[in-house]
Amino acid sequence: MDVFSDPKLWWWLLSATLIVIGLLGTVLPVLPGTLFILAGIVLGAWIDDFTRIGPWTLGIVSVLALLAWLTDYVAALFGAKRAGASPLALFGAAIGSVVGIFSGLVGLLFMPLLGAMLGEWIAVRNSLRATKVGLATWLGMLIGTVIKLALSFLMLGIFLAMLFF
């Protein structure tokens, strides 16, 4: 029997692909990273007939996915609110994030900062305030991404531990 004719292999490849796309999505703002990771984990549990990854594990992983998703928004808003950001600063940071995807790692890191600064500058026409708000918004987004990445790897670690140990 050919190994590639086993249907479970294809399901496992799909599960792994969803998880990898999800991990990429934790740093790329246009992909719902934790949703893809959760989908890959649920698919893996289903493939295994929920024998090693049961409802409790899926519940814990789902809560972690929800926390990661919320962290993404709360951290950026917290940084922006602390600096008194205008809605245009948040909009600018979001646009900068999307533009950053197409400009490599440096763009991905710094375009949200420039977008927030530009948005705030358009709103208040004050360079010093725009810089302060831009930095605070960017720092909040960066902290949120780090937390989201940590929670995503925790989800993956729980999944792998339950699957293999």
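When reading the values below, keep in mind they use all heavy atoms of this one structure, side chains included, and skip hydrogens, waters and symmetry mates.
Contact of the Ile158 side chain with the Leu64 side chain is registered, since non-hydrogen atoms from C-beta on lie closer than 4.5 Å. Contact check for Val133 versus Ser86: no side-chain heavy atoms found under the 4.5 Å cut-off. Side chains of Ile143 and Thr71 form no contact here, defined as non-hydrogen atoms less than 4.5 Å apart. In this structure, Thr131 and Met117 have side chains that are in contact, with non-hydrogen atoms separated by less than 4.5 Å. No side-chain heavy atom of Thr137 sits under 4.5 Å from any side-chain heavy atom of Pro112.
A distance of 9.5 Å separates CG in Leu154 from CD1 in Ile60, rounded to the nearest 0.5 Å. Interatomic distance, Arg125 CZ to Glu120 CD, rounded to the nearest 0.5 Å: 12.0 Å. Here CD1 of Ile21 is found 11.5 Å from CG of Leu35. Values are rounded to the nearest 0.5 Å. Annotation: the span from Asp48 atom CG to Leu43 atom CG amounts to 11.0 Å, rounded to 0.5 Å. Of the inter-residue distances, the one linking Ile19 atom CD1 with Met155 atom CE reads 8.5 Å to the nearest 0.5 angstrom.
Partners of Leu13 under the side-chain contact (heavy atoms from CB on, under 4.5 Å) rule, at least two apart in sequence or in another chain, are Leu9, Trp10. Under the side-chain hydrogen bond (donor to acceptor under 3.5 Å, both in side chains) criterion, Arg82 pairs with no residue at all, not counting sequence neighbours. Qualifying side-chain contact (heavy atoms from CB on, under 4.5 Å) partners for Ile122, counting only residues two or more places apart in sequence or in other chains: Leu88, Leu118. Evaluation of the side-chain hydrogen bond (donor to acceptor under 3.5 Å, both in side chains) rule for Thr57 yields no partner, not counting sequence neighbours.
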* side chain to side chain contact (heavy atoms under 4.5 Å, CB included) evaluation trace for Leu18 with Ile41 -> CA-CA 8 Å; Leu18 287 170; Ile41 290 172; over 6 Å; no

* Report the C-alpha distance between Thr145 and Thr26 in whole Å, list the side-chain angles of each, state the deciding distance to 0.1 Å, and finish with yes or no for side chain to side chain contact (heavy atoms under 4.5 Å, CB included). => CA-CA 7 Å; Thr145 299; Thr26 59; 5.9 Å; no

* To do: Would you check, one step at a time, whether the test side chain to side chain contact (heavy atoms under 4.5 Å, CB included) holds for Phe159 with Ile53?
  => CA-CA 7 Å; Phe159 171 67; Ile53 298 109; 3.8 Å; yes

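For residues 37-70, every residue pair satisfying the ring pair (Phe, Tyr, Trp, His ring centres under 6.0 Å) rule, not counting sequence neighbours, is listed here: Trp11-Trp46, Trp69-Tyr73. The ring pair (Phe, Tyr, Trp, His ring centres under 6.0 Å) contacts involving residues 97-154 comprise Phe110-Trp138, where partners must be two or more places apart or lie in separate chains.
Scanning both residues, Ala75 and Gly144, for their nearest heavy atoms gives CB-CA, 3.4 Å. Closest non-hydrogen pair, Thr34 versus Ala65, comes out as OG1-O, 3.7 Å.
A donor-acceptor pair under 3.5 Å is absent between the side-chain atoms of Asp49 and the main chain of Thr51, judged by distance alone.
Under the 4.5 Å side-chain contact rule for hydrophobic residues, Val42 and Val20 do not share a cluster.
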